[in-house]
Amino acid sequence: VVDPVDLAVIYAGSDAAGVFKSIDRGVTFTPGNTGLNDLNVLTLAVDPDSIQRLYAGTKGGGFFASLDGAATWSARNSGLTELLVQAIAVDPSTPQILLAGTGGGGVFKTVDGTITWAERSTGLTSRNIRSIVIDPIDTGTVYAGSAAQGVFKTTDGGDTWFSANAGLPAGASVEAIAIDPFDSAVVYAGVLGAGVFKSADGAGNWAAFNTGLTNLHILSLAVDRARPERLFAGTEQGLFSSTDGGVLWSSVDLGEQRAG
């Protein structure tokens, strides 16, 4: 995760060693785990209004918050009945509102900056949520990617969800979702084993955009905030980029590193 204000600051979560922080654009990293009781960090998010406020979802310890740029952490699990937290989304217009996707409990929501959580899973036929993204223009609209049940969408901030899978493969496991920051009807989904899918109508219909992708196990997606036609896809065998909204992909040389 890159600090939205100071691009030299980068946070990275690891499978067994917690959180690392770089202040030199990734040249060097130092651990920041004081108070982080579970070092299996699955997801990270930064508060866009308070860059020292950082959130971490873990494999079994639940949700953690740092108020000092990862120097110290505290658990924020009141009301969170599933402690496998796989995805976090921060409301860009009201950052005290967050959504957490869990590995068996569906979606949870906080409206008080993670002091308390409440489940918001009505309509979800899969409670294993792998990814979650809030529409940056209409923040009541949220997309959630699930294991084996594709994409779910809500237009009321998570109170009710409905399936949005037209054009996706049956049983799609959606590991990543990304939204065009200027045209939020354009949504991308990374499907494990099936590649990248794109919708131009807010997940009403999907189509595969895989030309040039030599690995279809998509683990992560990102849209360039300044140039939204530029995309990045992390796969089981490296990183790919597109400069035309996913029409054509090319590999980015990362040596032997995995781009998850």
Side-chain angles (χ1 to χ4, degrees), residues 42-43 45 57 82 84-92 97-109 119-181 183-210 213 216-223 228 231-236 240 242 245-246 249 260:
L42 303 178
T43 183
E82 169 59 64
L84 171 54
V85 178
Q86 302 181 131
I88 300 169
V90 183
D91 187 315
I97 297 175
L98 293 87
L99 294 169
T102 69
V107 174
F108 289 79
K109 183 176 183 178
E119 187 179 343
R120 292 288 185 270
S121 300
T122 299
L124 292 177
T125 56
S126 171
R127 300 173 73 83
N128 186 348
I129 303 302
R130 308 289 295 173
S131 52
I132 192 162
V133 178
I134 298 174
D135 186 318
I137 298 171
D138 177 8
T139 57
T141 296
V142 185
Y143 301 92
S146 72
Q149 294 292 324
V151 173
F152 292 90
K153 180 177 180 179
T154 177
T155 57
D156 55 17
D159 288 343
T160 56
W161 297 86
F162 56 90
S163 177
N165 289 326
L168 290 179
S173 290
V174 178
E175 298 291 305
I177 301 176
I179 301 176
D180 186 314
D183 181 0
S184 62
V186 176
V187 186
Y188 300 91
V191 179
L192 198 63
V196 175
F197 286 75
K198 181 177 181 178
S199 172
D201 57 3
N205 297 276
W206 298 93
F209 277 66
N210 290 329
L213 282 175
L216 300 182
H217 290 267
I218 308 300
L219 302 175
S220 58
L221 285 173
V223 178
L231 313 173
F232 297 92
T235 77
E236 289 186 343
F240 292 80
S242 171
W249 295 89

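Within the 4.5 Å cutoff, the side chain of Gln86 has no heavy atoms near those of the Thr43 side chain. In this structure the side chain of Leu192 reaches within 4.5 angstrom of the side chain of Leu219, judged on heavy atoms. Residues Val191 and Ile218 have side chains not in contact (no heavy-atom distance under 4.5 Å, counting atoms from C-beta outward). Looking at Val187 and Ile177, their side chains come closer than 4.5 Å, going by heavy atoms from C-beta outward. Residues Val196 and Leu231 fail the side-chain proximity criterion, which asks for heavy atoms closer than 4.5 Å. The shortest distance between side-chain heavy atoms of Val223 and Pro181 falls below 4.5 Å.
Not one N or O on the side chain of Glu175 forms a donor-acceptor pair closer than 3.5 Å with the backbone of Gly190. In this structure, Thr102 contributes its side chain and Gly105 its backbone to a donor-acceptor pair below 3.5 Å. Checked by atom type and distance alone, the side chain of Asn128 never pairs as donor or acceptor with a backbone atom of Ser146 at under 3.5 Å. A distance-only check finds no donor-acceptor pair linking the side chain of Trp161 to the backbone of Val142 [under 3.5 Å]. Under a 3.5 Å cut-off, the side chain of Lys198 and the backbone N or O of Gly245 do form a donor-acceptor pair. At distances below 3.5 Å, at least one donor-acceptor pair connects side-chain atoms of Thr154 with backbone N or O atoms of Thr160. Judged by distance alone, the side chain of Thr235 and the main-chain N or O of Leu216 form no donor-acceptor pair under 3.5 Å.
Taken to the nearest 0.5 Å, the CD1 atom of Ile97 stands 5.0 Å off from the CG atom of Asp91. Atoms NZ and OG, on Lys153 and Ser199 in that order, are 7.5 Å from each other to the nearest 0.5 Å. The CG atom of Leu84 lies 6.0 Å from the CG atom of Leu42; values are rounded to the nearest 0.5 Å.
Closest approach of Phe232 and Trp249 over heavy atoms only: C-CZ3, 4.1 Å. Residues Ala144 and Ile129 share a closest heavy-atom pair of CB-CG2, 4.1 Å. When all heavy atoms are compared, the tightest approach of Ala89 to Ile134 is CB-CG1, 3.8 Å. Among all heavy-atom pairs drawn from Ala203 and Tyr143, the shortest one is CB-CE2, 3.6 Å. Residues Pro136 and Ile179 share a closest heavy-atom pair of CD-CG2, 3.9 Å. When all heavy atoms are compared, the tightest approach of Tyr188 to Trp206 is C-CZ3, 4.0 Å.
Among residues two or more places apart in sequence or in another chain, the side-chain hydrogen bond (donor to acceptor under 3.5 Å, both in side chains) test is passed with Ser173 by none. Applying the side-chain hydrogen bond (donor to acceptor under 3.5 Å, both in side chains) test to Thr155 and every residue at least two apart in sequence or in another chain returns nothing.
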Practice problem: Please step through side chain to side chain contact (heavy atoms under 4.5 Å, CB included) for the pair Ser131 and Val174, ending with a clear verdict. | Solution: CA-CA 7 Å; Ser131 52; Val174 178; 4.1 Å; yes
Identify all side-chain donor-acceptor contacts of residues 163-170 below 3.5 Å with residues at least two apart in sequence or on another chain.
| residue | atom | partner | partner atom | Å |
| --- | --- | --- | --- | --- |
| Ser163 | OG | Asn165 | ND2 | 2.8 |
| Asn165 | OD1 | Val151 | N | 2.6 |
| Asn165 | ND2 | Gln149 | O | 3.1 |

